[in-house]
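The structure under discussion appears below in the form of structure tokens.
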Amino acid sequence: MTSSISREVGKKIRSIRKYKGISVEELGKLIYRSKATVSKYETGDIALDIDTIYAIAVALNVQVEQLLHTEPIKPSPLMENMPNTFFKNSNRFYSYFYDGRINKPIRCVVDIFPHTNGTGYKTMLYMNVRNFDQYWQCENTYFGHTEHYDTLTTLILTNQATPLEKLTINILASFLESEQKWALMSGVSFRPFMPIALKMLFSRSRLPENQELIKELKISKDDIRRMKMYNMFAIT
């Protein structure tokens, strides 16, 4: 009898495999397993061992964390020494920014894992998510780490498909308890190719994608006033 975790991991493998246009047989050849065995991995009928999970991650060209199943909301050791923080009791966050090129908000999902990679907490960002239930099917995937400081949290991320593209996301006063926090994201745009900076809203829960949210995400008169005052784009 397999566990629910095995079934959830299998669903992710199947979803990512199909999204990348790889057949069951092709994946089997890449990891030296039969088509029948791969099918049982995906249904959860066979529990995956660590070596096989890593082999599948390499074959699908994803981070191994993308195949793992984590509950979206649960007590986390993230910054456990700070009693009231935005990141304290969540390991999944929803973020939004407005793209003026297509005139619509872009939804993202951020997973922060409760273990470090030597520099910070391992982090995945899924950008331009189509469906929150299968958020790993997105336009761009970024991996990296999150660093927590007294007054600032910084996400440092690399585009999984094009490592040339780096993202830095800074969140001010993350030590304060809040359901939402504003962030400044800076990086590179490829439509057209140019350095950019934009405002980004982080939330512990999904937000209604209505006109009120769009208004918040757009650059406001106050944003422009601060830009003129400092000659820089700042989010507070």
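Only a predicted model underlies this, so the values are computations on that prediction, with no experimental measurement involved.
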* Could you check S189 against I196 for side-chain contact (heavy atoms from CB on, under 4.5 Å), going step by step and ending with a plain yes or no? => CA-CA 6 Å; S189 165; I196 61 165; 3.7 Å; yes
* CZ-CG distance between F93 and L155, expressed to the nearest 0.5 angstrom -> 9.5 Å
* To do: Can you sort out the partners of D49 under side chain to side chain donor-acceptor pair (under 3.5 Å), two or more places apart, ordered by chain and number?
  => T52
* **Cationic N near anionic O, under 4.0 Å, D133 to R206** => yes
* To do: Just jot down the side chain to side chain donor-acceptor pair (under 3.5 Å) partners of S186, sequence neighbours excluded, or say none.
  => none
* Taking C-beta and beyond as the side chain, do T141 and N159 meet within less than 4.5 Å on heavy atoms? -> no
* Asked: Which residues satisfy the side-chain contact (heavy atoms from CB on, under 4.5 Å) test with A183, sequence neighbours excluded?
  -> I169, I171, M200, F202
* **Gap separating the OG1 atom of T154 from the CD atom of E147, nearest 0.5 angstrom** => 6.5 Å
* pair M124-Q63: side-chain heavy atoms closer than 4.5 Å -> yes
* Asked: Do H145 and I156 come within less than 4.5 Å of each other through their side chains, counting heavy atoms only?
  -> yes
* What pairs with R226 under side chain to side chain donor-acceptor pair (under 3.5 Å), at least two apart in sequence or on another chain? -> D223
* To do: With sequence neighbours left out, write down each residue that passes salt bridge (Lys or Arg N to Asp or Glu O under 4.0 Å) with E165, or none if nothing qualifies.
  => none
* Asked: Is the charged tip of K218 near the ring of Y98: under 6.0 Å from the six-membered ring centre and within 45° of its axis?
  -> yes
* Would you say T123 and D111 make side-chain contact, with heavy atoms under 4.5 Å? -> no
* To do: List for me each residue that meets ring-ring contact (aromatic ring centres under 6.0 Å, His included) alongside F193, sequence neighbours excluded, and say none if there are none.
  => F190
* To do: Dump the intermediate steps for side-chain contact (heavy atoms from CB on, under 4.5 Å) on Q211 and K215, then the final yes or no.
  => CA-CA 6 Å; Q211 288 301 313; K215 183 180 178 180; over 6 Å; no
* To do: Give a yes or no on whether V58 and V24 share a hydrophobic cluster (residues Ile, Leu, Val, Met, Phe, Trp, Tyr; joining criterion: side-chain heavy atoms under 4.5 Å apart).
  => no
* Supply the atom-to-atom distance L217 CG to E212 CD, rounded to the nearest 0.5 angstrom. => 10.5 Å
* Asked: Does a side-chain heavy-atom distance below 4.5 Å link L172 with I235?
  -> no
* To do: Report yes if the side chains of C138 and M127 come closer than 4.5 Å at any heavy-atom pair, otherwise no.
  => no
* For G144 against L157, the heavy-atom pair lying closest together -> N-CD2, 3.7 Å
* Asked: Using a distance-only test with no angle check, is there a side-chain donor-acceptor pair under 3.5 angstrom linking S15 and Q137?
  -> yes
* To do: Decide yes or no for L207 and Q180: does some side-chain heavy atom of the first lie under 4.5 Å from some side-chain heavy atom of the second?
  => yes
* More than 12 non-hydrogen atoms from neighbouring residues, nucleotides or ligands closer than 6.0 Å to CZ on R130, yes or no? -> no
* Which residues share a ring-ring contact (aromatic ring centres under 6.0 Å, His included) with Y135, sequence neighbours left out -> Y126
* Any chance you could measure R107, atom CZ, to N128, atom CG, to the nearest 0.5 Å? => 8.5 Å
* Structure fact -> Residues at least two apart in sequence or cross-chain that pass ring-ring contact (aromatic ring centres under 6.0 Å, His included) with F132, listed by chain then number, are Y94
* To do: Give a yes or no answer on whether the side chain of K166 reaches the backbone of V188 with a donor-acceptor pair at less than 3.5 Å.
  => no
* **Sequence neighbours excluded - salt bridge (charged side-chain N to carboxylate O under 4.0 Å, His left out) pairs with any residue from residues 22-34** => none
* Asked: Around N231, counting heavy atoms of other residues, nucleotides and ligands shown, do more than 12 lie under 6.0 Å from its CG?
  -> no
* To do: Can you establish whether the number of heavy atoms outside I224 located under 6.0 Å from its atom CD1 is more than 12?
  => yes
* Apply the test side-chain contact (heavy atoms from CB on, under 4.5 Å) to residues I56 and L48: give CA-CA distance (whole Å), side-chain angles for both, the deciding distance (0.1 Å), then the verdict. => CA-CA 10 Å; I56 292 173; L48 285 150; 3.8 Å; yes
* Asked: Can you name the side chain to side chain donor-acceptor pair (under 3.5 Å) partners of W182, sequence neighbours left out?
  -> none
* Write down the atom of G28, the atom of V38, and the distance for their closest heavy-atom approach. => CA-CG2, 3.6 Å
* Asked: Taking only residues at least two apart or on different chains, which pairs with a member in residues 135-145 satisfy salt bridge (charged side-chain N to carboxylate O under 4.0 Å, His left out)?
  -> E139-R191
* Establish whether M194 and F97 are linked, either directly or via other cluster members, by ILVMFWY side-chain heavy-atom contacts under 4.5 Å. => yes
* Asked: Is the side chain of T43 donor-acceptor paired with the backbone N or O of S39 at a distance under 3.5 Å, no angle test?
  -> yes
* Applying salt bridge (charged side-chain N to carboxylate O under 4.0 Å, His left out), which residue pairs with at least one partner in residues 8-18 are found, sequence neighbours left out? -> E8-K11, R17-E42
* Do D99 and K104 have side chains that get closer than 4.5 Å, going by heavy atoms? -> no
* Pair F87 + Y121: ring centers closer than 6.0 Å -> no
* To do: To the nearest 0.5 angstrom, please state how far the CG atom of L213 sits from the CG atom of L201.
  => 6.5 Å
* Structure fact -> CD (Q66) and CG (N61) are apart, to the nearest 0.5 Å, by 9.0 Å
* Would you say the side-chain atoms of S90 pair up with the backbone N or O of R92, donor to acceptor, closer than 3.5 Å? -> no
* Assess whether side-chain contact (heavy atoms from CB on, under 4.5 Å) is satisfied between I53 and V64, documenting all intermediate values. => CA-CA 7 Å; I53 290 177; V64 69; 3.4 Å; yes
* To do: Using atom types as modelled and distance alone, determine if a side-chain donor or acceptor of S178 lies under 3.5 Å from a backbone N or O of K181.
  => no
* Asked: If you look at every heavy atom in A59 and I22, which pair is closest and at what distance?
  -> O-CD1, 4.3 Å
* Hydrophobic cluster membership, I50 vs L27, 4.5 Å side-chain cutoff -> yes
* With hydrophobic residues grouped by side-chain heavy-atom distances under 4.5 Å, do W136 and I5 end up in a single group? -> yes
